[in-house]
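First comes the structure, then the notes that go with it.
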Amino acid sequence: MKLRFASIIDWNDSIYEGKIASVVYLAGCPLRCPWCYSGALVTAPSECSSEKPVEFFLNHLAKQRDKCNAVVFTGGEPCEQENALAELCAKLRGEGFAVKIETSGYYPEALAGLIPNIDFVSLDIKTRFEQDDYAKACGFKGNAELLVSNVLRSIAFLETRGAQYGVEWEARTTVVPQLNDDAQIIREIARHAKNASAYALQALETQDREFVDAGFAQNASEPSREKMLELAAAAKEVLAALGGNTNVIVRMKNAEAKI
Ligand code: SF4
């Protein structure tokens, strides 16, 4: 089986806490978040991507084994390539790697199928679960009801099947001014993170970024530190009230703080 990918970057010490990881950028995504930095990855096939058999990745990653103890699959949307990815993840774990997947949650069944062979999931929750808001945040022109339902089902799979297999997960929101930088929106999102090991708020970065939606770039701005702390406090308050995990993480410019 083959996987469509754009690049592999080895020796990353910030993408998977406590690990040194090789990061595999898989190509293709059903969403078009206007603020997405990975424009070259979302359309596939494209001149930026190619297909390689599972053995290609195994050979490359085996050579990193003395320096890396984890592999992170990001994208694009990794779950779009479920079958080949499941085969690769199973083999990587057999080689002793920890495996993390970053996903939008658009493919709940695929995520459920991958769960037995992964260790950690970062699940994006783009905004509150109102159909129009969610579709707008994802630049999604398809069935918004299905989009919202898919992400909610992905969360449910992580809470049930994920717990059964000992898979840790974090919920993650990119804070985008004028889209979701509102304490009430973040409170509503945080409710769905109560069973995650952490809820991470990461600030939109605009410097030297090319966004999927060129129009978005013209008015794009970064949330302030004060705004990020305000939103983190709102999330923490909700999680505490629900008796859930209160680990709230703020990420700004490659720095991370636990609140
Ligand atoms: S940010 Fe949105 S468009 Fe970009 S890869 Fe993630 S889900 Fe796809």
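Just follow the structure's listing: the first ligand is 1, and inside any ligand the first atom is 1. Atom set for the values below is all heavy atoms of this structure, side chains included, hydrogens, waters and symmetry mates excluded.
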request  = Return the residue, atom name and 0.1 Å-rounded distance of the protein heavy atom closest to atom 2 (Fe) of ligand 1.
outcome  = Cys33 SG, 2.4 Å
Gln184 atom CD: more than 12 heavy-atom contacts under 6.0 Å = yes
inquiry  = Is it true that, when you exclude Asp66 itself, more than 12 heavy atoms of the residues, nucleotides or ligands shown sit nearer than 6.0 Å to its CG?
reply    = yes
key: Per-atom contacts, ligand 1 versus Leu31 - under 4.0 Å to a heavy atom   = 3 (S), 7 (S)
inquiry  = Just checking: Cys29, one of its N/O/S atoms, less than 2.8 Å away from atom 2 (Fe) of ligand 1, yes or no?
reply    = no
task = Using a strict 4.0 Å threshold on nitrogen-to-oxygen distance, state whether Lys136 and Glu130 make a salt bridge.
result = no
inquiry  = Is the terminal nitrogen or CZ of Arg32 (NZ for Lys, CZ for Arg) located under 6.0 angstrom from the six-membered ring centre of Phe140 and within 45° of that ring's axis?
reply    = no
message = Counting non-hydrogen protein atoms only, what is the nearest one to atom 5 (S) of ligand 1? Give residue, atom name and distance.
response = Gly76 N, 3.5 Å
query = Would you say Phe73 and Gln81 make side-chain contact, with heavy atoms under 4.5 Å?
reply = no
note = When distances are taken from atom 6 (Fe) of ligand 1, the protein heavy atom at minimum range is Lys126 NZ, 3.9 Å
message = How far is atom 4 (Fe) of ligand 1 from the closest protein heavy atom, and which atom is that?
response = Cys36 SG, 2.3 Å
